[in-house]
There are 2 protein chains.
Amino acid sequence: MNIGAAAKASGVSAKMIRHYESVGLLPPASRTDAGYRLYGEKDIRTLQFIRRSRDLGFSIEEIRGLVSLWQDKTRPSREVKAVARQHLDFLDRKLEELQSMKNALSHLVDCCHGDERPDCPILDNLAGAGNLTRM
Amino acid sequence: MNIGAAAKASGVSAKMIRHYESVGLLPPASRTDAGYRLYGEKDIRTLQFIRRSRDLGFSIEEIRGLVSLWQDKTRPSREVKAVARQHLDFLDRKLEELQSMKNALSHLVDCCHGDERPDCPILDNLAGAGNLTRM
DNA sequence: GTTGACCTTCCCATGGTTGGAAGCTTCAGC
DNA sequence: GCTGAAGCTTCCAACCATGGGAAGGTCAAC
């Protein structure tokens, strides 16, 4: 299985497969005589693991830890849960941040009549929160 | 007003003030004979405008547009509102993405007993969503 | 005149991903 | 056996916003 086929099978782009190998998230793939990377079933499973972890927003470093826990058949699930909880906290913080941006901005958008006239509460607010539409 | 004082007054770091100038978001500051950048009231107001825009998550390019609308006293508020709405859509998409990550992950965390035993629904799910706890 | 706080420019790093360029290999069709 | 397309290789650079640090100049106060 060449890198292109592995990319299709795993849902990870060839570019990213090479990148993950370069940062040591994947062990170096075996090669053909011509230098082409070769992948087997097990590699595909690892790549899918990585992709699903990325889909949940885990960072490369977190995934590094998850993969090693995954491969350690004697890991305590406590450790996995701790990594997941920590990431959950991160997601919560990000969500809160975005949500407050959204709240502030959608309030401003609601206040702006959005026609041909130049006066605009959005710009007023950005120019100096003190003047108008203080949230 | 040197760059340090401008940074304090505006809440934008000196590093970022220089960066904004280098990418043309700010006009080049005037300089002392020694080459120190000088800032006045108007510059501070622009910097605060930029900072507040960043706080709402606008990108540099979007801010470039907002600043130019701000300075154009004849702009139609329609245009400002369009920029804001577009960013609001962006925030919504990001929020949805994070929220679905959070939902999936918190479900997995709930399923994991998190003790000394090695079996772990979180890893099982990452290893192959087909097996267990399909969302 | 020295010390310490400030300023300057320049380069590098982050994180995850993507893009391109230049060159080699493989394979199918003829 | 030749040709062309597609796929592979490595390397380098970009995105966005931010920060760190080095090497050196400047300004104030003591």
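In the text below, chain A, chain B and the rest are named by the order of the sequence lines, each starting its count at 1.
- Under the side-chain contact (heavy atoms from CB on, under 4.5 Å) criterion, A/Ser106 pairs with B/Leu88, not counting sequence neighbours.
- Residues meeting the side-chain contact (heavy atoms from CB on, under 4.5 Å) test with B/Glu61, sequence neighbours left out: B/Ser59, B/Arg64.
- By the side-chain contact (heavy atoms from CB on, under 4.5 Å) test, B/Ser30 pairs with B/Leu38, sequence neighbours left out.
- Toward the 5' end of DNA chain D, the nearer of the two residues B/Ile63 and B/Asp33, judged by each one's closest nucleotide, is B/Ile63.
- Legend: residues meeting side chain to side chain donor-acceptor pair (under 3.5 Å) with B/Arg37, ordered by chain and number and at least two apart, are B/Glu21.
- Partners of B/Lys15 according to the side-chain contact (heavy atoms from CB on, under 4.5 Å) rule, which considers only residues two or more places apart in sequence or in another chain, are B/Ser13.
- Residue pairs meeting the ring pair (Phe, Tyr, Trp, His ring centres under 6.0 Å) criterion with at least one member in residues 5-27 of chain B: none, sequence neighbours excluded.
- Looking at residues two or more places apart in sequence or on another chain, you find a ring-ring contact (aromatic ring centres under 6.0 Å, His included) between B/Phe49 and B/Trp70.
- In terms of the side chain to side chain donor-acceptor pair (under 3.5 Å) criterion, residue partners of A/Asp119 (sequence neighbours excluded) are, by chain and number, A/His113.
- Applying the salt bridge (charged side-chain N to carboxylate O under 4.0 Å, His left out) test to every pair with at least one member in residues 69-90 of chain A, sequence neighbours left out, gives these pairs: A/Arg78-B/Glu116.
- B/Arg93 has no carboxylate O lying under 4.0 Å from a charged side-chain N of B/Glu96, or vice versa, which leaves the two without a salt bridge.
- Taken residue by residue, residues 41-48 of chain A places no heavy atom nearer than 4.0 Å to DNA chain D.
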Checklist entry - Which nucleotides of nucleotides 5-18 of chain C have their base under 4.0 Å from a protein heavy atom (B), which only their sugar-phosphate (S), and which neither (-), written as one string 5' to 3'? => result -BSBBB-----SBB
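- Chain B approaches DNA chain D over the interval D/dA17 to D/dC27, counting the first and last nucleotide 5' to 3' with an atom under 4.0 Å from its heavy atoms.
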